[in-house]
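Below you'll find the structure, written out as structure tokens, and then a few comments.
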Amino acid sequence: MRVHLEFLGLSRLVAGVTEISLDLEEGTTFRDIVPKLGTTYPAMRESVSRPDSETLQNPNAFSLNAKRMIQASQMNDRPSDGDRIILMSMSIGG
Amino acid sequence: MNGYSGKVLHVDLTSRKTWAESKPEEWYKMYIGGVSMAARLCWENIEVGCDPLSPGNPVCVGGGIFAGTPVPVGGKHGLASKSPLTGLLGDSLSGSWFSVVLRRAGWDGIVVHGASDEWVYVLVDDDRVEFRDASHLLGQGTFETEEAIRENLGDDQVRSSTIGPAGENLVFFANVTNDGRQAGRTGHGAVWGSKKLKALSVRGTHDVHVADAETLLKLSYEIVQAAQGPHTEKYRVLGTVANVLNMNRMGLLPTRNYQQGTFEDAELISGEYLHEHHKVKTIACAQCPIACEQMSRVTDGPYAGAMTGVEYESLFAISSNCGVSDMNAAIKALEICDESGMDSMSAGVTISWAMETFERGVFTKEDFKCAKYPEGFEPYFGDGEALVTLAEMIRDREGIGDLLALGTKQASAQVDAERGTETYKWAMHIKGLECPGYDARGLKTFALGLSVVTRGACHNRTAAYDVDIKGLVDRLSIDESRGKLAKETEEYAAVYDTLPLCKFIRRCFTGKADREGAWPAIAQLINATTGWDFDYDAVDLIGERAHTIKKAFNIREGWTRSDDHLPYRWQHEPMKEGASAASVVTEEELEYMKDLYYEAKGWTKEGLIPKEKLIALGMDDVAEEIGV
């Protein structure tokens with residue numbers, strides 16, 4: 001299946017592109033996507049993902065089709081073909 | 001007493017007298033500092049029911065418990081007066097060196113009473129207070145005024161809170177500015193202007209005594225180390241402007257006076273674009289290891305040379321919400337706001353109201369005559385030059401700027417009364433304060449939180465968008481959890497606003513931003529500073545008391561349940577497109593959520609506070625006046 005991954009904020013600066021398409025095997029989870037990012041963009045291992053390279057560094061998070069934020073407890077959920085996954089970091093307060 | 005001097009300075013501009021008031025340690029344990037202390041001082045010193053621009057409305061400054069100590073991001077102070085925009089309590093925060101020198105001068109707070117016949121600035125030089133002529137400073141911008149006072153005194157250690165031309169001209173959303181930071185929202189600058197108070201300048205040379213310096217240094221060092229890591233990287237690199245594209249994707253980016261939640265040119269006003277094309281450097285407040293302020297400059301075109309710090313809340317108001325995709329015009333408009341001491345959020349939202357009022361045919365070109373355009377101009381959405389010109393006209397109260405200087409609530413009421421129109425239907429305010437950069441139709445917990453904020457539509461006083469945006473609840477529907485969530489998030493925010501600490505540090509204590517992650521560490525900081533024995537519950541009570549004193553102030557000034565409202569548009573016009581399409585907050589939904597909220601707070605169905613609730617919080621004198 002193919003999903004679209006859009007980068008916003010820090011992840012865009014690190015990736016140097018606004019979005020990519022990912023061809024994933026059926027059954028791939030959101031958690032599985034994180035190390036793929038670290039492989040393609042090693043700098044993400046420092047600022048976007050946690051040292052385990054399997055989870056995202058708070059407050060970076062995946063948004064599924066801009067409708068639902070994927071919680072840490074939902075990282076084993078699976079995206080569907082054609083989904084738009086947005087990697088964003090929120091800046092709230094101050 | 002460690003951590004405090006135990007003294008509040010009173011300055012009377014009418015009589016030119018000053019005096020020190022001693023406060024007992026229990027008073028400090030109750031109100032701590034920041035907006036809570038400032039609100040309490042307002043409660044104690046205002047003439048109830050007074051006109052916000054009359055001498056009976058005091059200027060109240062509440063120092064920070066950590067200002068002048070090593071505690072990172074603790075260099076902040078609170079400011080409170082009755083707001084000319086809302087007629088209720090206006091409370092704001094600012095940070096940096098002014099907060100530090102206030103503590104070093106030996107004052108925990110300042111109350112300025114009365115009004116001067118002539119323009120003055122007040123110099124607090126440790127224990128000595130002087131009333132100094134400010135006539136030569138009139139018309140000068142906020143930054144210019146600070147510098148002029150330093151030069152005039154020949155002392156670069158003096159720090160000043162100042163007003164600019166907007167405050168002098170009584171623009172209802174004028175700010176007070178210090179060290180390049182703004183005590184914004186609710187119009188403090190107009191209150192200062194009504195007193196002919198151009199600046200409050202402080203020189204402080206005393207030490208700040210703490211109970212356990214070694215522990216405080218150790219704790220502070222650990223927090224500073226954490227603040228250099230990934231928890232704050234987003235603030236350091238892009239700042240809050242990174243939210244433009246986030247909000248746009250979620251269909252929540254206010255566009256053309258909140259008519260839309262997505263902006264077709266969002267990329268051109270994004271934090272990423274600003275970073276690449278306009279960023280000059282980042283700036284930090286005093287005591288801050290993060291440095292989030294993105295100083296940005298226009299390099300070419302008619303606004304070349306314009307430069308200021310750009311934040312998300314300012315940027316949305318002045319760009320997408322006015323339909324403007326020209327970042328050069330946006331930076332220029334923000335520079336006008338900052339230099340003149342004018343709240344850029346209220347300015348932008350008021351201008352967007354004027355643009356919509358023009359496009360709907362209520363205003364005509366004739367209404368926009370000014371010296372720059374004697375025949376008038378046509379302020380369509382998207383016109384950057386119209387945006388810049390309107391900001392100047394508001395600052396100077398020129399032409400229609402005189403009306404717009406009242407803010408959306410009072411401007412629309414005046415227009416509707418004179419012309420028989422219904423412009424209130426697109427006047428985007430709550431209690432008179434213009435709305436922030438999140439369309440609350442698509443964030444329903446936030447909609448409740450925003451409707452009940454004591455100072456009006458402020459995102460920073462309710463943190464309720466956090467649960468919506470993070471997806472901890474379904475942001476597009478409501479359920480019985482929302483009242484409790486609104487209570488918990490507003491009191492969480494109130495703890496930070498009372499100490500005060502910048503909320504950007506909240507993940508740097510343990511990695512977790514919630515109460516469990518932060519309160520034990522904050523208790524340790526308080527105890528090392530004061531020698532008290534605060535624990536988790538005591539820290540939690542800081543927020544509830546802070547919110548309660550502000551609410552009590554409003555009740556005494558005549559607040560009723562109907563004041564907790566949302567703008568007409570958010571209740572009657574579903575969002576048209578984007579990821580929040582079709583969403584609206586109906587009257588039934590809001591009233592249901594308000595019931596839940598008042599119940600969670602332990603208040604009556606009418607939102608009043610029972611006496612026993614106030615007494616349980618130790619606020620017996622407040623209970624006597626407003627308890628039911």
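In what follows, every heavy atom counts, from backbone to side chain, and hydrogens, waters and symmetry copies are set aside. Within every chain, numbering begins at 1; the chains are lettered A, B, ... in the order of the sequence lines, protein sequences first and strands thereafter.
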Before you tell me yes or no, could you show the steps for Q71(A) and L472(B) under side-chain contact (heavy atoms from CB on, under 4.5 Å), namely the whole-Å CA-CA distance, both residues' side-chain angles and the distance that decides it to 0.1 Å? CA-CA 8 Å; Q71(A) 306 299 308; L472(B) 302 178; 3.2 Å; yes

For E272(B), is it the side chain, the backbone, both, or neither that has a heavy atom closer than 4.5 Å to a heavy atom of chain A? side chain

At what distance, to the nearest 0.5 angstrom, does NE2 of H231(B) lie from CD of Q57(A)? 5.5 Å

Turns out that what part of L245(B) lies under 4.5 Å from chain A's heavy atoms comes down to both

Atom pair CG (N65(A)) and CZ (R249(B)), whose distance is rounded to the nearest 0.5 Å: 12.0 Å

Among K512(B), E276(B), E267(B), single out the residue with the greatest number of heavy-atom pairs under 4.5 Å to chain A. E267(B)

Nearest heavy atoms of I469(B) and M69(A), plus distance in Å: O-CG, 2.7 Å

Output, in order, the C-alpha distance, side-chain angles, deciding distance and verdict of side-chain contact (heavy atoms from CB on, under 4.5 Å) for M250(B) and K67(A). CA-CA 7 Å; M250(B) 296 173 86; K67(A) 293 278 189 187; over 6 Å; no

How close do A66(A) and A579(B) get, heavy atom to heavy atom, and via which atoms? O-CB, 3.5 Å

Looking only at atom types and distance, does a side-chain atom of N246(B) sit under 3.5 Å from a main-chain N or O of M88(A), one as donor and one as acceptor? no

Could you list which of residues 3-26 of chain A have a heavy atom closer than 4.5 Å to any heavy atom of chain B, in residue-number order? E6(A), L8(A), G9(A), L10(A), R12(A), L13(A)

